[in-house]
A.B. asks: 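Could you have a look at this structure, given as C-alpha cells, before my questions?
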Amino acid sequence: MRILIVEDEIGIANFLKQGLEEESFAVDVANSGAKGLMLALSGEYDLLILDWMLPEKSGIEICTQFRKEFKETPVIFLTAKDTVQETIFGLQVGANDYIKKPFHFEELLERVRVQLRTSSSGLSELILGSIVLNLNAHTVFKGEEEIALTQKEFSLLELLIRNKGKVCTRTKIIESVWDIHFDYNTSVIDVFINSLRKKLKISDKEETQILINGAFNLIQE
Ligand code: CA
C-alpha cells in the first residue's frame, strides 16, 4: 500500500515516513502544497496524510481538488488546527479522518489501518493457496509454518496476492512497494522475488507460481 504525506515540517515528515515504512507501507513525501497536489492527482496512492498549513496550497485546497477526481481514496488531516470548527471544516471538504498535532504515532497508525481496512472491504487476511498473510498482525504463514519476511518482502507479497491472477508489471510493483526515489534500472525486484520464492519455498510444482518474464504474474492453479 502506498501513502502520500504532504507536510512542510521536515522533521515530522521524516518521522512519519520512517514509522510508516517500518510498517511496510511505501511512502512518498511532498513538502509543499503544490507538489502534494500534483502527486496526489497522479492517482497512485492508497491514502493521503495532509497537513493543513502548507506553502503554495493549503491542505484544504488539496483535499477539495483531490475529491473531485478521487471519491474513494482515504484522506487523513494531520494538523495543528485544533478547533471544533476547523475539524468540521476538514471533514466537510472530504477528509475521512482528522488528527490534531501533537499526535501519537501509534494512534495515527491505527487510524491509517482503519481507513485502509474500510477501503479494501474489511480484509485483514489475504490468502493464496496455503499462504496466509495477516495484515493486522503482520504475519505470514505457509501452512503451519510462520515465515519471517522483511518489510519490503511483506509489501511485495501483499501486492502480489491482492493482484492474484493478474499481471503485475515492474512499474506497478515499484509504484506500490517502493517510493519515488527508486532506481528503475536496478534488478532489486528480481532479488526480492527470488528471496520470496526461497522463503516461501515456492516451486513450479506447487499450487502457486511466480513467473518472471519481464512482468511478474502470480497464478493460482
Ligand atoms: Ca505546516
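Quantities reported herein were computed from a predicted structural model and do not represent experimental measurements. Every heavy atom of this structure was used, including side-chain atoms; hydrogens, water molecules and symmetry mates were not.
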A.B. asks: Could you give the distance from CD1 (I62) to CZ (R67), rounded to the nearest 0.5 Å?
C.D. replies: 13.0 Å
A.B. asks: To the nearest 0.5 Å, tell me how far L156 CG sits from L149 CG.
C.D. replies: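 The distance works out to 9.5 Å.
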A.B. asks: Would you please test F192 and T150 for side chain to side chain contact (heavy atoms under 4.5 Å, CB included) and show each step?
C.D. replies: CA-CA 10 Å; F192 274 85; T150 66; 4.2 Å; yes
A.B. asks: Compare every heavy atom of P74 with every heavy atom of N96, then report the nearest pair and how far apart it is.
C.D. replies: OD1-CA, 3.3 Å
A.B. asks: Does S32 have any side chain to side chain contact (heavy atoms under 4.5 Å, CB included) partners at least two apart in sequence or in another chain, and if so, which?
C.D. replies: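 Expected list: A34, K35, P55, E56.
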A.B. asks: Taking the inter-plane angle between the rings of F89 and W52 on a 0 to 90° scale, is it parallel (under 30°), tilted (30 to 60°) or perpendicular (over 60°)?
C.D. replies: tilted
A.B. asks: Only counting residues at least two apart or in another chain, list the ones meeting side chain to side chain contact (heavy atoms under 4.5 Å, CB included) with E144.
C.D. replies: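 Counting only residues at least two positions away or on another chain, E144 forms no side chain to side chain contact (heavy atoms under 4.5 Å, CB included).
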A.B. asks: Would you mind reporting whether E23 and H138 have side-chain heavy atoms less than 4.5 Å apart?
C.D. replies: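 When only atoms from C-beta onward are counted, E23 and H138 do touch, with a gap below 4.5 Å.
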A.B. asks: Could you check S155 against E158 for side chain to side chain donor-acceptor pair (under 3.5 Å), going step by step and ending with a plain yes or no?
C.D. replies: CA-CA 5 Å; S155 300; E158 177 185 349; 5.3 Å; no
A.B. asks: Does NZ in K152 sit with more than 12 non-hydrogen atoms of other residues, nucleotides or ligands closer than 6.0 Å?
C.D. replies: yes
A.B. asks: Taking all non-hydrogen atoms of both residues, which atom of L54 and which atom of G33 are closest, and how far apart?
C.D. replies: CB-N, 4.0 Å
A.B. asks: Between F77 and D51, does the side chain to side chain contact (heavy atoms under 4.5 Å, CB included) criterion hold? Intermediate values first, please.
C.D. replies: CA-CA 6 Å; F77 266 108; D51 185 18; over 6 Å; no
A.B. asks: Write down the atom of L4, the atom of A40, and the distance for their closest heavy-atom approach.
C.D. replies: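 For L4 and A40, the tightest heavy-atom pair comes out as CD2-N, 3.6 Å.
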A.B. asks: What's the separation between atom CG in L37 and atom CZ in F66, rounded to the nearest 0.5 Å?
C.D. replies: 9.5 Å
A.B. asks: With side chain to side chain contact (heavy atoms under 4.5 Å, CB included) as the test, would you mind laying out the steps for I173 and L159 before giving the verdict?
C.D. replies: CA-CA 7 Å; I173 290 172; L159 177 76; 3.7 Å; yes
A.B. asks: From I49 CD1 over to T79 OG1, what is the distance, rounded to the nearest 0.5 angstrom?
C.D. replies: 13.0 Å
A.B. asks: In the structure I gave you, are the side-chain heavy atoms of L109 and F25 within less than 4.5 Å of one another anywhere?
C.D. replies: yes
A.B. asks: Which atoms form the tightest heavy-atom contact between G94 and C63, and what is the distance?
C.D. replies: C-SG, 3.8 Å
A.B. asks: With rounding to the nearest 0.5 angstrom, report the CD1 to CD distance, I174 to E44.
C.D. replies: 11.0 Å
A.B. asks: Any heavy-atom pair between the side chains of R162 and M1 that's under 4.5 Å?
C.D. replies: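 In short, these two side chains touch, coming nearer than 4.5 Å.
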A.B. asks: State plainly whether the residues E9 and K101 are in salt-bridge range, i.e. N to O under 4.0 Å.
C.D. replies: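 Result for this pair is yes, salt bridge flagged.
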A.B. asks: Using only heavy-atom distances, determine whether the side chains of Q65 and E61 contain a donor-acceptor pair under 3.5 Å.
C.D. replies: no
A.B. asks: Answer yes or no: is there a side-chain heavy-atom contact under 4.5 Å between L16 and L108?
C.D. replies: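 L16 vs L108: side chains touch.
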A.B. asks: What distance separates L78 CG from D97 CG, expressed to the nearest 0.5 Å?
C.D. replies: 10.5 Å
A.B. asks: Less than 4.0 angstrom from a charged side-chain N to a carboxylate O is my criterion; do D28 and K17 meet it?
C.D. replies: no
A.B. asks: Can a side-chain donor-acceptor contact be found between S195 and E153 if the only test is distance below 3.5 angstrom?
C.D. replies: yes
A.B. asks: Answer yes or no: is there a side-chain heavy-atom contact under 4.5 Å between Y98 and I88?
C.D. replies: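 When only atoms from C-beta onward are counted, I88 and Y98 do not touch, as no gap falls below 4.5 Å.
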A.B. asks: For E110, enumerate each residue passing the side chain to side chain contact (heavy atoms under 4.5 Å, CB included) test, keeping only those at least two apart in sequence or located in another chain.
C.D. replies: R113
A.B. asks: Is the shortest side-chain heavy-atom distance between L200 and L157 below 4.5 Å?
C.D. replies: yes
A.B. asks: Can you check whether R111 reaches I99 side chain to side chain, under 4.5 Å on heavy atoms?
C.D. replies: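 SC-SC contact between R111 and I99 confirmed.
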A.B. asks: For I60 and G90, work out which heavy atoms get closest and say how close.
C.D. replies: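 Taking every non-hydrogen atom into account, CD1-CA, 4.2 Å.
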A.B. asks: Tell me, do Y45 and L39 make a side-chain contact under 4.5 Å, heavy atoms counted?
C.D. replies: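 They are in side-chain contact.
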A.B. asks: Keeping the roles fixed (side chain from K142, backbone from V132), state whether a donor-acceptor pair exists under 3.5 Å.
C.D. replies: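 Not at all, since once roles are kept as given, no pair shorter than 3.5 Å links the two residues.
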A.B. asks: Indicate the atoms forming the closest heavy-atom contact of L116 with D46, along with that distance.
C.D. replies: CD2-O, 3.6 Å
A.B. asks: Take V112 and I76, measure what side chain to side chain contact (heavy atoms under 4.5 Å, CB included) needs, and give me the verdict at the end.
C.D. replies: CA-CA 8 Å; V112 164; I76 298 177; 3.9 Å; yes
A.B. asks: F154, F141: one ILVMFWY side-chain cluster at the under-4.5 Å cut-off?
C.D. replies: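 In one cluster with F154: F141, no.
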A.B. asks: Taking G19's backbone N and O only, do any of them form a donor-acceptor pair with E22's side chain (distance below 3.5 Å, no angle check)?
C.D. replies: no
